[in-house]
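A short worksheet on the structure shown next.
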Amino acid sequence: MKIVHVSAECYPMAKVGGLADVVGSLPKYQHALGHSAMVIMPMHQTPFLSSHEWELIQESSIPFSNTTLNYSVIKEKNNNLHFELYCINVVGFFDRPNVYGYDDDTDRFLAFQIATMNWLSKWKNLPDLIHVHDHHAGLIPFMLRHCYEFQHLSTIKTVLTIHNAQYQGWMPLQKADYLPSWDKWKSGLLEWDHQLNPLACAIKCADKVTTVSPSYMQELVNDSNGLAYLFKNEKGKCSGIINGIDYEVWDPKTDHFIEAKFNVRNLEKGKRLNKEKICAEFNFDSQLPLFIFIGRFVTEKAADLLPDAISRAFEQFYGKFNMLILGNGDPLIEQALSNMHQKWFGYYHSKIAYNETLSHQMYAGADFLLMPSRVEPCGLNQLYALRYGTIPIVRSTGGLKDTVIDFGNDDGFGICFNQATVDDIVLSIGRALDLYNDNYKVNQIRKKMISINNSWESSAKDYIHLYNSI
Ligand code: ADP
């Protein structure tokens, strides 16, 4: 099967969160299953772009509002990603370092999608299936079916995967005029709640819709930032497929970012050496349990609760643990987390940054990973933590519910709580501290976690199975 993925992010070209990890690994595993899988994404000005060799594939232009935009398509030359990576530059829109966060984001991703369709319409060997990811590619299933210019593509099947339904790409309805001319009887497909809503449009137009965990799918039917009714209506074509992790990138046996490589046989020693290294870097006593948080500082991740929860935990268990935070996002949360350095000096550090290397070192060296998320479509951090023998402390929601079982159960290995509240977080830290005192139990749990297979192998097959069903 010839599969084309379209996404705003793809690791290692450009990453903001889990979307990049998924789009950078699923095609690789689909390729291993004997399919041709490629990725089309915007040409963000990232270090990967400047440090790799590229081949020019296409130069053309698209009409956009009352102007014409030139675009070019380049392909990564060495193909050591194990899938073909194509980047589209629409002149004026992608000459910037960040993936998101610009005032003209809606126009940027609108232009990217129109250029993608324009380029696809010139292909001689058409793909069997186009797999679009999140709202940034959400108008593609509509354009494919209903823009006159793309009629010869209209038999290609489409799948939408929702990595996060909080963001929907809303724009004024008038922007629909920017699309290449389309059947005006179909305007209802573009609209949701008096706006042009690319995510809603993709849910209506794609042949199948998936979310990145079964539990998240169930939650969206009740609460999905305004789309619950639509999910109820389209239930028949929706399903949840849990994300896997890329063992080429996330494996303590081979990870070149970490101090000491390890596997299940030398787990105890490997964890100790990695912990000593990271504790030395942040002046922590490595005898104490090390808790970490890694992620975007947004309310979905309940990052706003961290300052209070951590302070309360330090007041209650002073001198009994260390806490290291890595992340960025809401400036108020960044400030609150930075302000705590002095008060809890020697036991607490927050690194306000995006740092891929440090994240690997933290997963490898920590004892516990905190994920109090209010919303978690799948969550990859807990899967990486399991792989690196770090016990996840999670709020049971979405993918966290599907992948972490509380150690109080016979087959359990993590710490789970139900409410995203300061009280529940502090209580869970207390449970973790008790557990840490039982070295035998901790080692048993670590062995169990590291042996769980969360690789893409099984989920990649589930996607192929889904494609075959349409
Ligand atoms: P989301 O996509 O909602 O941000 P996920 O858990 O699905 O959350 O994926 C987050 C990914 O981003 C993981 O690979 C995590 O390690 C990484 N990540 C998040 N914040 C940072 C950061 N500040 N530095 C390094 N990696 C980060």
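In this chain, numbering begins with 1 at the start of the sequence shown. Counting convention: from 1, in listed order, for ligands and their atoms alike.
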Quiz item: Any non-hydrogen atom of Y11 lying under 4.0 Å from ligand 1?
Solution: no
Quiz item: In the protein, what heavy atom is nearest to atom 5 (P) of ligand 1, and what distance, to one decimal place, separates them?
Solution: L380 N, 3.7 Å
Practice problem: Taking atom types as modelled, find out whether K271 and T390 have a side-chain donor-acceptor pair closer than 3.5 angstrom. | Solution: yes
Quiz item: How about H360 and W250: are their ring centres within less than 6.0 Å of each other?
Solution: yes
Self-check item: Residue among F112, Y167, Y100 satisfying side chain to side chain contact (heavy atoms under 4.5 Å, CB included) with H136
Solution: Y100
Exercise. Could you verify whether a donor N or O on one side chain and an acceptor N or O on the other, from H44 and E9, lie under 3.5 Å apart?
Key: no
Practice problem: Distance to 0.1 Å, residue and atom name: give those for the protein heavy atom nearest to atom 27 (C) of ligand 1. | Solution: Y354 CE1, 3.4 Å
Quiz prompt | Between T403 and Q382, a side-chain donor and acceptor under 3.5 Å | solution = yes
Self-check item: For atom 9 (O) of ligand 1, closest protein heavy-atom neighbour
Solution: G18 N, 3.1 Å
Exercise. Check each heavy atom of Y363 against ligand 1 and say whether those closer than 4.0 Å belong to the side chain, the backbone, both or neither.
Key: side chain
Quiz item: Hey, are R431 and D406 close enough for a salt bridge, meaning a charged N less than 4.0 Å from a carboxylate O?
Solution: yes
Quiz prompt | Location of contacts on N381 toward ligand 1, heavy atoms closer than 4.0 Å | solution = both
Quiz item: So is there a nitrogen or oxygen of N355 less than 3.5 Å from a nitrogen or oxygen in ligand 1?
Solution: yes
Quiz item: Just which atoms of ligand 1 are under 4.0 Å from any heavy atom in R296?
Solution: 1 (P), 3 (O), 4 (O)
Quiz prompt | Per-atom contacts, ligand 1 versus Y384 - under 4.0 Å to a heavy atom | solution = 13 (C), 14 (O)
Self-check item: Any side-chain donor near an acceptor of the partner, S215 and D402, under 3.5 Å
Solution: yes
Quiz item: Does ligand 1 have any atom that is closer than 4.0 Å to a heavy atom of Q382?
Solution: no
Quiz item: Considering only heavy atoms of G379, which atoms of ligand 1 have at least one such atom less than 4.0 Å away?
Solution: 6 (O), 7 (O)
Self-check item: S350 side chain to H341 side chain, donor-acceptor N/O pair below 3.5 angstrom
Solution: yes
Quiz item: Among the heavy atoms of A353, does any lie under 4.0 Å from an atom of ligand 1?
Solution: yes
Quiz item: What do the steps show when you test K175 against D107 for salt bridge (Lys or Arg N to Asp or Glu O under 4.0 Å), and what is the final call?
Solution: CA-CA 9 Å; K175 293 268 174 182; D107 278 0; 2.7 Å; yes
Exercise. Would you mind telling me if ligand 1 is within reach of the side chain of K301, the backbone, both or neither, using heavy atoms under 4.0 Å?
Key: side chain
Quiz item: Of the non-hydrogen atoms in H5 and P27, which two are nearest, and what is the gap between them?
Solution: CD2-CG, 3.7 Å
Exercise. Please work out which of G327, G295, S373, G398 has its closest non-hydrogen atom nearest to atom 19 (C) of ligand 1.
Key: G295
Quiz item: If you measure from each non-hydrogen atom of L358 to ligand 1, which part falls under 4.0 Å: side chain, backbone, both or neither?
Solution: neither
Practice problem: Only heavy atoms count here, so choose which of K351, E9, K15 is nearest to atom 17 (C) of ligand 1. | Solution: K15
